[in-house]
Every structure is written in structure tokens, then in C-alpha cells.
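A short worksheet on the structure shown next.
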Amino acid sequence: MKLLLFITVTLGTLVMGLESVKCSCLNGGTCITYYLFSGIGRCICPDGYTGIHCELDTDSTCYTENGEDYRGMATEDKCLPWNLPSLIRRGRYHAYSENALQLKNPNGRNKPWCYTKRGSVIQETPCNIEKCGPTCGQRSISRSFKIVGGSQAEVESQPWIAGIFQTIRGMDHFLCGGSLIDPCWVLTAAHCFHTPSKRPINKSVYKVFLGKSILNVTDDKEQVFMVDEIISHPDFTDDTGGNENDIALIRIRTTSGQCAVESKYVRTVCLPERNLYLKENTHCEIAGYGKQDFYDIFYAQRLMSATVNLISQRKCKYEYYDNVRVTDNMVCAGDPMWQIDACKGDSGGPMVCEHNGRMMVYGIVSWGDGCAKENKPGVYTRVTQYLNWIDSNMNGLAAKSRFLPEPK
């Protein structure tokens, strides 16, 4: 028995190993093969995926269109496994067929289905899965609270955050934040592109990154885009001491012409409802890569997030600032202890608030007097004032695009 055990362990150690073979592992799965049996391999799947090819997304619980792209786990309790011998003998759709990765709806029915057995009869049965609603404003992991006074955040908690970079002398330098409001569009601040000379903006020197957790690190979570168009509000001005009409839109695309692809790390944030007016002390979130102190030389590098409370218009205008710098196109927010605030580098980024179960971009980081300075809250562009402007410019340039499905 001991000899048998030794042989088994030794063979297991010698035979199994990592080797680059053509093992169809998806979603970051690792192919494991056997040195003595090179034709045999299997996939070791990362967290969140399972299946022969790591094709099943264990977090997916709804389908879009007719569900042909659905790769989730939700099925009927009585679903038969796709690799059941009786299904393989039956013929057309099974785990080893040519279209195996299209299982859940391999024949294009109106929703995902699976095989079930009733008596001796095998039949196709629709799965009890809901159709997906709007995907904006939903994150795949919880927020990270504890920017100035904030804490490090995983990008999954702020998947709509965009990083806008400017190329100077061949180097990409972080410029501003932004919010993904549509797969092809990022919302940001006009002052990020404002220059006294008022020369035409050179779009080719800008890049937009989505899914980025660390400024100086690139990983496979990220998506990078060229800038197709920059539309700043025509009435933007900083002549009042504040930033009036501080809003801009960026149209993005990859070198192959695609827009953003939805993933756990990249999602849209919702725009607010028209005429929505949130009350004083409503908790909202700010996120960005900006400085953690007004006197810091460098940006935070890691994505940071924090909570702030909305401040009434009256207080902001007449107690903290004045009614010249603060207009009704702005909204103020701060920390009651004056220890949390947006800062330089957070400009253009989102202030998001929860409404009806979804996160929406209620404000755009615009300006303030210092960072986390007592009685000087952050001032944000009030997005509800610009919904018509956003809609007309997005639809005027091109029809809105839908998310491409996440690669499988």
C-alpha cells in the first residue's frame, strides 16, 4: 500500500504540470496538461468562472436580447448536464459539440434554455432567468470608504471611473478624472481642457483609461481609448472665481473603432432623473486619483474614494462662499469634520449618489478653496442642469452605442 501511494504521488508530481498547449481556456483560465499524455488537458478557472473552458460566469444572473451570449449559472433545478452521455448520443447540442461554448441558447431561441427529462422524453425547457434591465450604476463589489481623507478603492467599486491622460513629449501624464455614462462617452469637467489661448484642442494627445486601479501600473483589467471628440460647454467660464458651466463630453474609441466593453471593472454610471433634487446631508461618494493633500507634489497613484454630505444651496452661497462664485448650476458637498474633500487631480471625476437602488452621477468635481479646508466645501457641477445639453450632444454627433458583450 505504501509503495502504491508513493508511485501515485510521484507520478502525479511528474506527470502534471503547466505547459503552453492549445487548451481552450477562457476568462484567464490556466491550461493544465500532462507531460506523459500531452493530448489531455483541463482548465483551472479563476475566481468567478467555472466550466470545462472557464466559460461560465458564476456572477451572471440575467440575460440580454435572446440570451445567446449568456454564460451564467442560473438554470432550472431539473436541467440535465450538457455532458450527460444520453445528450451526447442524442446528437446536436452537448458539451463536446462544435458550438459547445454557445450552450444555454445554441439554436437561437428567444431566451436561454436547457434539457430536462419528463418520463423518458428529453425536452428543451426555457430557463427561469430574468432579462437584464439597465446595467448603469451597478458595481460588482461593495464601495470602499473610510482624495483627501479617503481610502484606497478597488476599481470594481467605482467601475465607471475614467482616467484622462495627456501625452507630453512622448510620456502619458494624468490630467483629470471622468465618468463613463455610455460605452462611447465619458463625462468630465470643461476646465480640464481650458487654455487662455483658446486654441483648438488637439484630440490626438489625449487617452482615456477605464478599469484602472493604479495610475502607473497597467494590467489586463484596463481598457484604453483614443479620443474621438471633446465637447466642452460653450459657455464655460472661470471669470466669476468659480467654474460656471464646467462640463464636457469625450467620445472614446479603441484603435479598431470599438467603444467600452462591459466587465466587472468597467461599467456605466446612471445619469440622474430630470428635476431630481437631493436633500441636504444626503451621503454621496467621490472617487479619483488626485492629491491626498493640497501641498502634495504627487497624485495618489491608487484610486481613492470617500463619502461626502450634500450641503444646502443657501449655506454654500451665503455661509461658505458667495452667490457670485456659486450658482444654481453647482452643488456643494463636504465632510462635517472638514477632513474629506476632492483635491487637485480629482477634477472631472464623479460625485455619485444612490437613488432607487442605482448609483448616479449627481456632480462633477469642479472647484473649491483649497482641499478639506474648514468651511470651504467642494463645489461640483450640478449634472441635472445639463441633461438636455448632454443628450443633444451625444445624439447629435452619433447615436448612442450599446455595450459589446464581455469577451468570453
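Source: prediction; values computed, not measured.
- At least one side-chain heavy atom of Tyr320 sits under 4.5 Å from a side-chain heavy atom of Lys315.
- For the pair Asp322 (side chain) and Arg325 (backbone), a donor-acceptor distance under 3.5 Å is present.
- The closest donor-acceptor contact from the side chain of Ser179 to the backbone of Ala162 lies at 3.5 Å or more, if one exists at all.
- Closest approach of Cys259 to Ile252, counting heavy atoms only: SG-O, 4.0 Å.
- Scanning all heavy atoms of the two residues, the minimum distance from Ser263 to Gln223 falls at OG-NE2, 4.2 Å.
- Checked against the 6.0 Å centroid criterion, the rings of His233 and Tyr386 qualify as a close aromatic pair.
- Shown here for Pro272 and Val383, the closest heavy-atom pair between the two residues is CD-CG1, 3.8 Å.
- Atoms CD and CG, on Glu374 and Asp335 in that order, are 11.0 Å from each other to the nearest 0.5 Å.
- Separating the SG atom in Cys136 from the CD1 atom in Ile181 is a distance of 10.5 Å, to the nearest 0.5 Å.
- Side-chain atoms of Tyr206 do not come within 3.5 Å of backbone N or O of Ile230 as any donor-acceptor pair.
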| task | Give the C-alpha distance, both sets of side-chain angles, the deciding distance and a yes or no for side-chain contact (heavy atoms from CB on, under 4.5 Å) between Met359 and Cys270. | result | CA-CA 6 Å; Met359 304 308 294; Cys270 302; over 6 Å; no

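- Proximity of Tyr318 to Asn323: side-chain heavy atoms (C-beta onward) are separated by under 4.5 Å at one or more points.
- Taking a 6.0 Å sphere around CG of Asn275, one finds it holds 12 or fewer heavy atoms contributed by other residues, nucleotides or ligands.
- Between Asp172 and Lys207, at least one side-chain N (NZ, or NE/NH1/NH2) sits under 4.0 Å from a carboxylate O, which counts as a salt bridge.
- Of the two cysteines examined, Cys43 and Cys54, the SG atoms fail the criterion of being under 2.5 Å apart.
- Taking every heavy atom of both residues into account, Met351 and Cys284 meet most closely at CG-CB, 3.9 Å.
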| message | For a side-chain contact (heavy atoms from CB on, under 4.5 Å) check, start with the C-alpha distance between Ile168 and Met171, then their side-chain angles and the critical distance, and finish with the verdict. | response | CA-CA 5 Å; Ile168 303 173; Met171 295 285 290; 5.9 Å; no

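- Note that the CG atom of Asn393 and the OG atom of Ser232 stand 10.5 Å from one another [nearest 0.5 Å].
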| field | Check against salt bridge (charged side-chain N to carboxylate O under 4.0 Å, His left out), Arg139 and Glu154 | value | CA-CA 11 Å; Arg139 45 188 158 203; Glu154 297 301 322; over 6 Å; no

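- When every heavy atom of Tyr321 is checked against every heavy atom of Lys376, the shortest pair comes out as OH-C, 3.5 Å.
- Trp185 places none of its side-chain heavy atoms less than 4.5 Å from the side chain of Thr268.
- Using a cutoff of 4.0 Å between basic side-chain nitrogens and carboxylate oxygens, Arg267 and Glu156 are not scored as salt-bridged.
- In this structure a side-chain-to-backbone donor-acceptor pair under 3.5 Å is present from Asn245 to Asp235.
- Judged purely by atom type and a 3.5 angstrom limit, Asp246 uses its side chain to pair as donor or acceptor with the backbone of Ala190.
- Taking the side chain as every heavy atom from C-beta outward, Met394 and Arg251 never approach each other to under 4.5 Å.
- The shortest distance between side-chain heavy atoms of Leu180 and Val266 falls below 4.5 Å.
- In this structure, the ring of Tyr265 has its center no less than 6.0 angstrom from the ring center of Trp160.
- Met360 contributes atom CE, which lies 8.5 Å from atom OG1 of Thr384 (distance to the nearest 0.5 angstrom).
- Sulfur atoms SG of Cys192 and Cys176 are positioned under 2.5 Å apart.
- Between Leu187 and Ile364, some side-chain heavy-atom pair lies under the 4.5 Å cut-off.
- Aromatic rings of Phe209 and Phe225 (six-membered ring for Trp) have centroids beyond the 6.0 Å cut-off, not under it.
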